[in-house]
Amino acid sequence: MKGLANLKIKTLKSTETCPIHHIPLEYLKGMKPFCVECQREETEREKKQQVEDFKIESVRSVLTKLSLVDDASEYNHTFKNFDAPEGTREVQIKKQTRMIAYRYLKDRDDEFNTIMYGTPGQGKTHLAMAMLNAVNDNAKQPQKCLFVNTVSLIQAIKDSWDDPTARWTEKYAIKLLKGVDLLVLDDLGSESAMNVGDKTASQFVQDILYKVTNRQHRIITTTNLTLDQLQRVYNAKLVSRLRAGSRNSAIDFTGITDKRY
Ligand SMILES: Nc1ncnc2c1ncn2[C@@H]1O[C@H](COP(=O)(O)OP(=O)(O)OP(=O)(O)O)[C@@H](O)[C@H]1O
Ligand SMILES: [Mg+2]
Ligand SMILES: [Zn+2]
């Protein structure tokens with residue numbers, strides 16, 4: 001019967017009336033009578049639901065559509081596929097990052113940053129993505145989640161300099177990073193060997209992040225640098241902003257072995 005009311009088909013009037021709208025039901029020969037008004041309302045509800053589903057889907061797809069990852073396989077990192085054998089430091093770190101993800105997930109207005117630092121291959125990127133995936137998949141009110149690898153970000157902006165059609169201009173990057181609900185900044189500090197025009201890459205990143213952190217207060221940063229090293233590479237004000245609210249969400253990966261070997 002769906003949509004019948006919208007079609008210009010001649011129906012017959014039944015002697016029954018709709019208990020809700022108190023108008024006569026209509027019917028086609030051999031078919032069940034229906035209320036035109038109930039039909040119209042149902043179609044309206046379906047349309048609204050479709051619009052709602054579309055909105056949710058467009059928020060959820062930000063992660064895979066707009067992120068800058070090193071390698072697309074990183075989208076597959078979850079808590080589920082993060083091994084944490086009993087008695088290892090991995091167990092604690094998994095639990096800790098899960099709890100932090102839950103805080104981001106349950107309250108969009110809970111503003112605090114997270115810093116995960118340690119040596120290579122310890123699972124920082126893995127767990128940062130796991131946190132994003134958890135929020136992206138489970139937030140009741142969908143949240144825009146974005147993952148940005150620092151070197152990829154610089155590369156993308158550099159590429160835009162001689163491509164007028166490029167999306168990742170500096171302006172676009174700042175606006176996007178500011179505007180999402182949860183941002184992962186992956187591998188901060190790994191840009192140190194690069195140069196960007198007449199600036200060092202670290203200065204370049206610093207200038208961008210300074211503008212981003214003006215408004216963005218939900219950033220998960222992963223880095224190979226210690227807090228001391230961060231203070232030496234970037235200015236104190238930026239480091240302080242990146243650490244804002246991270247008293248309970250600074251995670252030292254010391255004690256975890258390199259999983260790349
Ligand atoms: N506990 C774990 N269980 C399953 N896979 C893991 C675990 N820890 C790390 N890995 C895997 O090992 C690889 C390296 O981990 P990851 O990229 O997260 O390290 P990282 O700490 O970010 O290193 P880097 O500092 O070099 O960026 C990834 O493929 C990741 O999925
Ligand atoms: Mg990493
Ligand atoms: Zn009705």
Side-chain angles (χ1 to χ4, degrees), residues 62-72 74-75 111-122 124-129 131-132 144-246 249-251 253:
V62 163
L63 177 57
T64 50
K65 282 215 179 107
L66 303 182
S67 290
L68 292 175
V69 291
D70 232 359
D71 181 329
E74 290 175 355
Y75 290 121
E111 298 201 316
F112 66 96
N113 293 330
T114 296
I115 296 218
M116 311 210 279
Y117 52 96
T119 51
Q122 292 179 317
K124 298 182 298 294
T125 295
H126 188 126
L127 285 172
M129 183 62 92
M131 291 161 89
L132 266 195
K144 284 185 189 156
C145 297
L146 188 76
F147 183 102
V148 173
N149 174 273
T150 309
V151 168
S152 308
L153 173 68
I154 296 177
Q155 198 55 58
I157 294 175
K158 267 174 102 172
D159 289 348
S160 79
W161 289 352
D162 38 36
D163 177 1
T165 65
R167 168 189 264 178
W168 278 93
T169 60
E170 185 169 337
K171 209 170 156 193
Y172 169 84
I174 292 168
K175 188 160 180 241
L176 179 68
L177 272 60
K178 264 183 173 178
V180 295
D181 297 304
L182 183 60
L183 171 68
V184 166
L185 183 64
D186 190 45
D187 229 349
L188 181 66
S190 59
E191 78 284 356
S192 59
M194 297 172 81
N195 269 311
V196 188
D198 54 1
K199 290 185 192 172
T200 67
S202 297
Q203 272 170 330
F204 185 74
V205 168
Q206 171 163 298
D207 293 347
I208 290 175
L209 289 184
Y210 203 74
K211 291 175 191 152
V212 170
T213 51
N214 239 334
R215 269 253 308 275
Q216 178 57 267
H217 304 127
R218 288 166 44 106
I219 308 177
I220 300 169
T221 303
T222 87
T223 181
N224 286 157
L225 304 178
T226 62
L227 292 180
D228 277 351
Q229 286 168 330
L230 280 175
Q231 307 268 16
R232 258 175 270 143
V233 177
Y234 308 100
N235 79 37
K237 218 164 176 172
L238 177 66
V239 177
S240 154
R241 284 185 178 189
L242 287 174
R243 294 179 65 192
S246 69
S249 54
I251 304 170
F253 277 64

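Proximity of Ser152 to Val69: side-chain heavy atoms (C-beta onward) are nowhere separated by under 4.5 Å. When side chains are defined from C-beta on, Gln155 counts as touching Met194, because their heavy atoms get closer than 4.5 Å. Inter-residue side-chain proximity for Leu188 and Leu225 is flagged as unmet; no heavy-atom pair is nearer than 4.5 Å. Counting heavy atoms from C-beta on, the side chains of Asn113 and Thr221 never come closer than 4.5 Å. The shortest side-chain heavy-atom distance between Leu66 and Tyr172 falls under the 4.5 Å cut-off. Asp159 has its side chain out of reach of Trp168: every pair of non-hydrogen atoms, C-beta onward, lies at least 4.5 Å apart.
Using modelled atom types, one side-chain atom of Gln216 and one backbone atom of Leu177 make a donor-acceptor pair closer than 3.5 Å. For the pair Arg215 (side chain) and Gly179 (backbone), a donor-acceptor distance under 3.5 Å is absent. The backbone N or O of Ile157 lies less than 3.5 Å from no partner atom in the side chain of Glu170, so there is not a single donor-acceptor pair. At distances below 3.5 Å, at least one donor-acceptor pair connects side-chain atoms of Thr226 with backbone N or O atoms of Gln229. Judged by distance alone, the side chain of Ser240 and the main-chain N or O of Ala236 form no donor-acceptor pair under 3.5 Å. The backbone N or O of Thr64 sits nowhere less than 3.5 Å from a side-chain atom of Ser67 that would complete a donor-acceptor pair.
Here the NZ-CD1 distance, from Lys124 to Ile251, works out to 11.5 Å after rounding to the nearest 0.5 Å. Note: His217 NE2 to Lys178 NZ = 10.0 Å, rounded to the nearest 0.5 Å. A distance of 4.5 Å separates CD1 in Ile220 from CG in Leu182, rounded to the nearest 0.5 Å. Rounding to the nearest 0.5 angstrom, the gap separating the CG atom in Asn149 from the CG atom in Asp70 is 4.5 Å. One finds the CG atom of Leu185 at 12.0 Å from the OG1 atom of Thr114 (value rounded to the nearest 0.5 Å).
When all heavy atoms are compared, the tightest approach of Ala201 to Ile154 is CB-CD1, 3.8 Å.
Remark: the Asp187 side chain and the Thr222 side chain contain no N/O donor-acceptor pair separated by less than 3.5 Å. Side-chain contact check for Asp207 and Gln203: no donor-acceptor pair (N or O, by modelled atom type) lies under 3.5 Å.
The environment of CZ in Arg241 is crowded: more than 12 heavy-atom neighbours from other residues, nucleotides or ligands sit within 6.0 Å.
With Phe147 as reference, Thr125 is the one residue of Leu68, Thr125, Leu183 to meet the side-chain contact (heavy atoms from CB on, under 4.5 Å) rule.
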